[in-house]
Amino acid sequence: MGLVYDSATGGTCPRCRKRLDRCGCARQVAANARPATDGVVRVRREVRNGKPVTVVFDLPLRADEVAALASKLKAACGSGGTAKDGCVEIQGDHRDKVAAFLQQAGHTVKLAGG
């Protein structure tokens, strides 16, 4: 068993044995964790600054997988967009295309909002 606490430096991480202020284990675990959802991916149309935006949320994917999905959806819709905060935003009203793409990928899709 290694050092768990040192009065000079404080606690140490049990995984990497580094000081807690220098440990990155918690960030790594959080980045690789899949969010808890009900398994239904929701696709919503929003209007921002007078322009339609298609938003895909409740994705049961990690952050890197969401970014990869965003790239595929942008290419399928022929439009711009971004992935942020676990959601995918596609410029324009592409709910039907996005829903069809996600269903082919094996997701359960629900159209939400207007």
Side-chain angles (χ1 to χ4, degrees):
M1 186 81 197
L3 180 66
V4 177
Y5 188 82
D6 183 3
S7 60
T9 60
T12 58
C13 176
R15 292 181 71 201
C16 65
R17 306 278 188 229
K18 293 182 182 177
R19 291 184 358 207
L20 288 177
D21 60 343
R22 296 185 184 197
C23 172
C25 294
R27 287 187 299 270
Q28 290 174 351
V29 170
N32 291 329
R34 292 179 183 258
T37 63
D38 61 356
V40 178
V41 177
R42 288 168 174 79
V43 180
R44 173 175 59 205
R45 180 185 163 276
E46 296 180 0
V47 177
R48 297 184 184 172
N49 296 328
K51 297 179 182 176
V53 177
T54 303
V55 181
V56 181
F57 58 103
D58 286 348
L59 291 163
L61 304 172
R62 295 189 312 260
D64 57 338
E65 294 171 330
V66 171
L69 178 65
S71 296
K72 292 177 184 176
L73 286 173
K74 291 188 298 185
C77 295
S79 182
T82 186
K84 60 181 173 183
D85 299 330
C87 297
V88 177
E89 299 175 359
I90 305 293
Q91 297 171 354
D93 185 6
H94 301 285
R95 286 194 330 160
D96 297 329
K97 288 181 189 176
V98 170
F101 184 89
L102 292 171
Q103 285 175 343
Q104 285 181 341
H107 296 284
T108 304
V109 179
K110 181 177 181 182
L111 297 179

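At least one donor-acceptor pair closer than 3.5 Å links the side chain of Arg42 to the backbone N or O of Val40.
Considering only heavy atoms from C-beta on, Phe101 comes within 4.5 Å of Leu69 through its side chain. A heavy-atom distance below 4.5 Å is found between the side chains of Pro60 and Val41.
Every side chain to side chain donor-acceptor pair (under 3.5 Å) that Glu46 has, sequence neighbours left out, goes to Arg44, Arg48.
Looking at every heavy atom in both residues, Cys87 comes nearest to Val66 through O-CG1, 4.1 Å. For the residue pair Ala70 and Ala83, the shortest heavy atom distance occurs at CB-CB, 3.7 Å.
Identified under the side-chain hydrogen bond (donor to acceptor under 3.5 Å, both in side chains) test for residues 72-85, with sequence neighbours left out: none.
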Let me have the donor-acceptor pairs involving side chains of residues 50-57, under 3.5 Å, with sequence neighbours excluded, atom names and distances please.
| unit_1 | atom_1 | unit_2 | atom_2 | d |
| --- | --- | --- | --- | --- |
| Thr54 | OG1 | Gly92 | O | 2.7 |
| Thr54 | OG1 | His94 | N | 2.8 |

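Tested against Arg95, the residues Ile90, Val109, Leu111 include a single side-chain contact (heavy atoms from CB on, under 4.5 Å) partner, Leu111.
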